[in-house]
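Below is one structure, written out as structure tokens; the observations come after it.
Letters go in sequence order (proteins before strands), and every chain restarts at 1.
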Protein chains: 2
Amino acid sequence: MRPVQPGKLAENTIRSSGHHMTPQRLVILEVLEGSNGHTSAEEIHSHVRSRYPKLHISTIYRALDMLKRLGLATETDLGDGKLRYHLHEKGYHHHLICEKCGRVEDMDESIFTPLKAALRRKHHFHADLRHLAIFGRCQGCA
Amino acid sequence: MRPVQPGKLAENTIRSSGHHMTPQRLVILEVLEGSNGHTSAEEIHSHVRSRYPKLHISTIYRALDMLKRLGLATETDLGDGKLRYHLHEKGYHHHLICEKCGRVEDMDESIFTPLKAALRRKHHFHADLRHLAIFGRCQGCA
DNA sequence: AGCGTGGTTGCGAATAGTTGCATCTTTGCT
DNA sequence: AGCAAAGATGCAACTATTCGCAACCACGCT
């Protein structure tokens with residue numbers, strides 16, 4: 001059993017921030033909701049092409065940018081030349097990417113708490129560490 | 001008074017790793033050495049165009065990629081749509097980038113020591129934190 | 001000095017993402 | 001329902017970066 005109307009949160013946030021809700025954005029949100037959580041603009045485009053052939057890829061990029069700026073979605077560079085997006089209804093998370101084998105491991109954000117505190121203390125800087133990709137070597141490839 | 005032949009380190013590393021030293025790479029290194037430390041491929045290209053009009057921008061990208069892979073230079077995304085490069089003869093450093101005013105503050109790498117230890121301990125991951133850009137808000141824009 | 005191998009270059013085409021602009025749509029107001 | 005204003009869309013042109021490939025050149029060996 002899935003949550004009912006999962007997209008309503010995003011929709012409300014979009015509306016209440018002065019943006020319009022359009023059919024294009026609805027479809028884009030649907031794809032993001034139905035995806036595994038690492039979706040590229042091009043993937044959204046091809047998922048959508050059959051139902052909505054005129055939806056232009058630049059509209060997708062602009063929608064993703066808006067979701068990002070509203071704090072509804074996060075953009076991640078996994079190092080393969082294209083940016084990935086996911087809605088964060090399930091909380092923020094971060095990636096450890098192995099430069100050798102390409103494996104991507106997720107981790108939660110608690111590990112950054114001390115770093116955030118140090119940046120605030122020493123640099124008076126309020127870091128936005130909601131989605132960070134850290135490159136390095138995994139256990140097997142170290 | 002400048003250091004004599006500052007580029008010899010890079011040159012030796014390039015040669016001893018089985019790569020060729022070419023006039024193109026020499027010129028590119030010269031520009032990187034004479035720059036402030038945040039140079040884009042396009043900047044290198046225009047600095048060089050007069051002396052060496054045929055040097056193609058893809059050659060610059062390839063040289064930068066090689067320097068990066070040899071650990072001689074670091075690539076940073078400062079969020080303005082183009083990647084910046086700098087040789088790290090003077091040690092690694094990191095950036096705090098304000099999302100509001102765009103100010104970039106440098107900081108040294110010691111602040112990441114606890115994070116690196118935690119990643120190794122909890123995730124068996126050997127993070128390569130040689131050049132990280134962290135976005136957020138600076139003191140004035142917080 | 002002469003030569004072969006393998007790395008390198010220039011070029012043009014491809015890819016990911018962004019931007020300007022004229023034309024719509026959504027939304028709040030009446 | 002009707003309207004104006006703000007925001008969104010589609011499109012084409014543009015930017016930054018990468019890639020395939022044929023011609024080229026650096027470097028080690030003789």
Side-chain angles (χ1 to χ4, degrees), chain A residues 7 10-29 31 38-49 51-70 72-85 102 133, chain B residues 7 10-29 31 38-49 51-70 72-85 102 133:
Chain A
E11 219 175 307
N12 289 339
T13 309
I14 289 169
R15 265 186 235 277
S16 64
S17 64
H19 291 279
H20 296 168
M21 181 51 56
T22 65
Q24 289 90 329
R25 288 177 181 179
L26 217 53
V27 181
I28 292 167
L29 281 171
V31 174
H38 295 123
T39 317
S40 70
E42 184 49 46
E43 269 164 32
I44 297 175
H45 196 210
S46 55
H47 272 302
V48 149
R49 213 191 313 268
R51 261 189 299 165
Y52 213 128
K54 293 252 225 114
L55 203 167
H56 200 269
I57 185 113
S58 71
T59 299
I60 296 173
Y61 279 113
R62 280 187 283 230
L64 291 170
D65 187 60
M66 181 201 61
L67 294 173
K68 185 175 69 178
R69 278 183 294 104
L70 291 180
L72 292 169
T74 305
E75 176 186 270
T76 320
D77 180 353
L78 259 33
D80 68 340
K82 54 192 71 172
L83 297 169
R84 310 285 170 146
Y85 297 84
Chain B
E11 220 174 305
N12 289 338
T13 309
I14 289 169
R15 263 187 237 277
S16 64
S17 64
H19 290 95
H20 294 170
M21 180 51 57
T22 65
Q24 290 91 328
R25 289 177 179 177
L26 216 54
V27 181
I28 292 167
L29 281 171
V31 174
H38 296 123
T39 317
S40 70
E42 184 49 45
E43 268 163 33
I44 298 176
H45 196 210
S46 55
H47 273 303
V48 148
R49 215 190 313 266
R51 262 189 297 164
Y52 212 127
K54 292 252 224 109
L55 203 166
H56 199 269
I57 186 111
S58 69
T59 299
I60 297 173
Y61 280 111
R62 280 185 286 227
L64 291 169
D65 187 59
M66 182 200 58
L67 293 172
K68 187 175 69 178
R69 278 182 294 104
L70 291 180
L72 292 167
T74 305
E75 176 186 270
T76 320
D77 181 353
L78 260 35
D80 69 340
K82 55 191 69 171
L83 297 169
R84 311 285 171 147
Y85 297 84

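Atom-to-atom, NE2 of A:His45 to P of C:dT18 comes out at 15 Å; the value is rounded to the nearest Å. Residue A:Ile14 contributes atom CD1, which lies 14 Å from atom P of C:dT26 at whole-angstrom precision. In this structure, A:Arg49 places its CZ atom 15 Å from C1' of D:dG10, rounding to the nearest Å. In this structure, A:Asp80 places its CG atom 9 Å from P of C:dG17, rounding to the nearest Å. If you take CG of B:Leu26 and P of C:dT8, they are 14 Å apart, rounded to a whole angstrom. Whole-Å rounding puts the A:Glu42 CD to C:dT18 C1' distance at 16 Å. For the pair A:Arg25 CZ and C:dC24 P, the computed distance is 19 Å after rounding to whole Å. Going from atom CG of B:Asp77 over to atom P of C:dG17 covers 12 Å, rounded to whole Å.
To the nearest 0.5 Å, atoms CG (A:Leu55) and CD1 (A:Ile44) are separated by 10.0 Å. Interatomic distance, A:Thr13 OG1 to A:Met66 CE, rounded to the nearest 0.5 Å: 9.5 Å. The distance from atom CG of A:Leu64 to atom CG of A:Leu83, rounded to the nearest 0.5 Å, is 9.5 Å. In this structure, CG on B:Leu72 lies 14.0 Å from OH on B:Tyr85, to the nearest 0.5 angstrom. Taking CZ from A:Arg69 and NE2 from A:His19, the interatomic distance works out to 6.0 Å, rounded to the nearest 0.5 Å.
Remark: A:Asp65 engages A:Lys68 in a salt bridge, criterion side-chain N to carboxylate O under 4.0 Å.
Residues that satisfy the side chain to side chain donor-acceptor pair (under 3.5 Å) test with A:His20, not counting sequence neighbours, are absent from this structure.
Between its opening and closing five pairs, the helix from C:dA1-D:dT30 to C:dT30-D:dA1 changes axis direction by 30°, a value rounded to 10 degrees.
Within residues 53-67 of chain A, the residues that place at least one heavy atom under 4.0 Å from DNA chain C are, in residue-number order, A:Ser58, A:Tyr61, A:Arg62.
Counting only residues at least two apart or on different chains, the salt bridge (charged side-chain N to carboxylate O under 4.0 Å, His left out) pairs with a member in residues 14-28 of chain B are B:Glu11-B:Arg15. Sorted by first and then second residue, the side-chain hydrogen bond (donor to acceptor under 3.5 Å, both in side chains) pairs involving residues 40-49 of chain A (not counting sequence neighbours) are A:Glu43-A:Arg84.
B:Asp80 is listed as a side-chain neighbour of B:Lys82, based on a closest heavy-atom distance under 4.5 Å.
The phosphate of C:dG10 has OP1 or OP2 within less than 4.0 Å of a side-chain N or O from B:Gln24.
Residues A:Ser17 and A:Ile14 approach most closely at OG-O, 2.8 Å, considering heavy atoms.
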Protein-to-nucleotide contact annotation, 5' to 3' order, nucleotides 24-30 of chain D [B base; S sugar-phosphate only; - none; under 4.0 Å, heavy atom]: --BS---
